[in-house]
Enquirer: 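Take a look at this one; I'll ask things after.
Atoms within each ligand, like the ligands themselves, are counted from 1 in listed order.
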Amino acid sequence: MNSENSGNYEFSAGLGSLQPSLTLGLTQKAKELIGRGEDVLSLCAGEPDYDTPEHIKQAAVQALAEGDTKYTPSSGRPDLRQAIAEKLEQENGIACRAGQVIVSPGAKFSVFAAIAVLCRPGDRVLVPSPYWLSYPEMIRAAGAEPVFVPTLAENDFCATVDCLESCLPERARMLILNTPSNPTGGIYQKRELERIAEFALRHDLMVVADEIYEKLIYEEGSGHISLAALGKDIAARTMTVNGFSKAYSMTGWRLGYQCAPLPVAKRIDALQSHTTSNPTSFAQAGALAALRGPQKSVEGMRLAFKERRDVIYDLLAEIPGVKVHKPGGAFYIFPDISSFGLDSMTFSERLLEEEKLAVVPGFPFGSNDHLRLSYAYGLDTIRRAVERLAAFCAKL
Ligand code: PMP
Ligand code: GLU
């Protein structure tokens, strides 16, 4: 008998019913095709194309050599938590003590843990749309329900308080705020954040502020603003999530963190102590070097991404039928392809088949009218990829 037919494969409604992440899946698929020597180009990757800076790698190598290979506290090494608390105070203006910092195996787990400890079955979570595709899955895994709040390109794809108010459901428990945003690159401005903070307080909402792209903001003079820096009251309901993946090009290291109000941090620590235990010991040594060491590489990467953003935006804007909004941050651009009459899934499948260009459809991010293109690639790849896209559009 086929072993797959012999067990009782009924799965739980929450964690057992998740669909695999399409961003990770498509990125791997494109890498495999390219690895087999196929003439495929990909703009799928949700990770910087740079290597981790050398001093960070060396710190981890040294930690390994010195035997830093044992369990650490489940919420991370005390010196790393302290360094993160100092970073959040000094750079972000968030009043944060080390005890509020929980280091996790990736910011993805940080978001998951915050939702998991706070959301009860039947709770509703406001999610501005388009959204990072993992949020709704994490919310459903907790037995809660996402409520999508539409946004407009002319508002930089940011939710307004008017729109949040009009979408507010009963049993609203939480708001997810992602600035700069994946997949749109949208950035919330200070005035809107202040209004959102008031809104969250008025409706007794907790907020996950996912700030993982904070270092990748391209307009001079418009730095990152952390929601939790806007006052003690909003800080007491905000979990500020960040990590090392994007700023230091450390996606494979799996290191993220959050600063949560102390009672929430304690619950998340308990969750980790029974699930992940600690983030990898020697990776934490690298993270400490990332925070304490030189920051030149971060700025170098930002400038390179800014140039790529300008190039990809100009090239896309020239394609007849494509509508594109200039993103202010992160490394994604989200062109509207609805004028071609194909939904985003069909469009991207045919684009791969006919022009050998892999992109992520907008559908899993909440819009079937868009594609998500990553510009975490060299300029030559970007130019050749957009040529293929233009050739495909010209055929439609
Ligand atoms: N939040 C957003 C918006 C992201 O795009 C990512 C990218 N994977 C993450 C969180 C998680 O990053 P990581 O788990 O690699 O720290
Ligand atoms: N966050 C990145 C992306 O959206 C990496 C993939 C993932 O974690 O889903 O592509």
Enquirer: By number and element, which atoms of ligand 1 are closer than 4.0 Å to a non-hydrogen atom of Tyr135?
Expert: 3 (C)
Enquirer: What's the shortest distance from atom 11 (C) of ligand 1 to any protein heavy atom, and which residue and atom give it?
Expert: Lys108 N, 3.5 Å
Enquirer: Considering the heavy atoms of Lys246, write down every atom of ligand 2 situated less than 4.0 Å from one of them.
Expert: 1 (N), 2 (C)
Enquirer: Of the listed options (Arg372, Glu47, Lys108), which comes nearest to atom 3 (C) of ligand 2 when hydrogens are ignored and any heavy atom counts?
Expert: Arg372
Enquirer: Kindly determine whether Glu198 and Arg195 satisfy salt bridge (charged side-chain N to carboxylate O under 4.0 Å, His left out), including the steps that lead there.
Expert: CA-CA 5 Å; Glu198 283 161 19; Arg195 297 190 66 208; 5.5 Å; no
Enquirer: Which heavy atom of the protein is the closest neighbour of atom 8 (N) of ligand 1, given with residue, atom name and distance?
Expert: Lys246 NZ, 3.4 Å
Enquirer: Counting both backbone and side chain atoms, is some N or O of Trp132 under 3.5 Å from an N or O of ligand 2?
Expert: yes
Enquirer: Could you verify whether a donor N or O on one side chain and an acceptor N or O on the other, from Thr179 and Glu211, lie under 3.5 Å apart?
Expert: no
Enquirer: Using atom types as modelled and distance alone, determine if a side-chain donor or acceptor of Ser42 lies under 3.5 Å from a backbone N or O of Cys44.
Expert: yes
Enquirer: Looking at ligand 2, is there an atom of it that comes within less than 4.0 Å of some heavy atom belonging to Gln28?
Expert: no
Enquirer: Between Glu214 and Asn242, is there a side-chain donor-acceptor contact under 3.5 Å, judged purely by atom types and distance?
Expert: yes
Enquirer: Of the backbone atoms (N, CA, C, O) and the side-chain heavy atoms from C-beta on, which set of Tyr213 has a member under 4.0 Å from an atom of ligand 1: side chain, backbone, both, or neither?
Expert: side chain
Enquirer: Distance to 0.1 Å, residue and atom name: give those for the protein heavy atom nearest to atom 5 (C) of ligand 2.
Expert: Gly46 O, 3.8 Å
Enquirer: Tell me, which protein residue and heavy-atom name are nearest atom 9 (C) of ligand 1, and how many Å apart are they?
Expert: Trp132 CH2, 3.4 Å
Enquirer: What protein heavy atom sits nearest atom 9 (O) of ligand 2, and how far away is it?
Expert: Thr23 OG1, 2.7 Å
Enquirer: Measuring from the heavy atoms of Ser245, does anything fall under 4.0 Å of ligand 1?
Expert: yes
Enquirer: Check whether Gln272 reaches the backbone of Ser74 with its side chain - one donor and one acceptor, N or O, closer than 3.5 Å.
Expert: yes
Enquirer: Please confirm whether Tyr218 and Phe305 have ring centers closer than 6.0 angstrom.
Expert: no
Enquirer: Does Phe365 approach ligand 2 within less than 4.0 angstrom via side chain, backbone, both or neither, non-hydrogen atoms only?
Expert: neither
Enquirer: Checking contacts here: is it the side chain or the backbone of Asn182 that comes within 4.0 Å of ligand 2, counting heavy atoms only? Could be both or neither.
Expert: side chain
Enquirer: Under 4.0 Å from a heavy atom of Gly106: give me the atoms of ligand 1 that qualify, with their elements.
Expert: 14 (O), 16 (O)
Enquirer: Would you say the ring centers of Phe157 and His325 fall short of 6.0 Å from each other?
Expert: yes
Enquirer: Examine distances only and state if a side-chain atom of Arg77 and a backbone atom of Ser281 form a donor-acceptor pair shorter than 3.5 Å.
Expert: no
Enquirer: Between Ser339 (side chain) and Gly321 (backbone), is there a donor-acceptor pair under 3.5 Å?
Expert: yes
Enquirer: With a 3.5 Å distance limit and no angle check, can you tell me whether Thr160 reaches the backbone of Cys163 through a side-chain donor-acceptor pair?
Expert: yes
Enquirer: Do Gln82 and Glu86 get their side chains close enough for a donor-acceptor pair, meaning under 3.5 Å?
Expert: yes
Enquirer: Quick one: nearest non-hydrogen protein atom to atom 2 (C) of ligand 1, plus distance?
Expert: Asp210 OD2, 3.4 Å
Enquirer: Just jot down the ligand 1 atoms closer than 4.0 angstrom to any heavy atom of Asn182, in number order.
Expert: 3 (C), 4 (C), 5 (O)
Enquirer: Suppose we measure from atom 12 (O) of ligand 1 to each protein heavy atom; which comes out shortest, and what is that distance?
Expert: Ile212 CD1, 3.5 Å
Enquirer: With heavy-atom distances below 4.0 Å as the criterion, list the atoms of ligand 1 near Asn178.
Expert: 3 (C)
Enquirer: State yes or no: are the ring centers of Phe331 and Tyr377 separated by less than 6.0 Å?
Expert: no
Enquirer: Counting from 1, what ligand 1 atoms have a heavy atom of Arg254 closer than 4.0 Å?
Expert: 13 (P), 14 (O), 15 (O)
Enquirer: Take Tyr375 and Glu307, measure what side chain to side chain donor-acceptor pair (under 3.5 Å) needs, and give me the verdict at the end.
Expert: CA-CA 10 Å; Tyr375 50 90; Glu307 185 185 10; over 6 Å; no
Enquirer: If you count the atoms of ligand 2 from 1 in the order shown, which ones are under 4.0 Å from a heavy atom of Ser21?
Expert: 9 (O)
Enquirer: Has Ala107 got any heavy atom lying under 4.0 angstrom from an atom of ligand 1?
Expert: yes
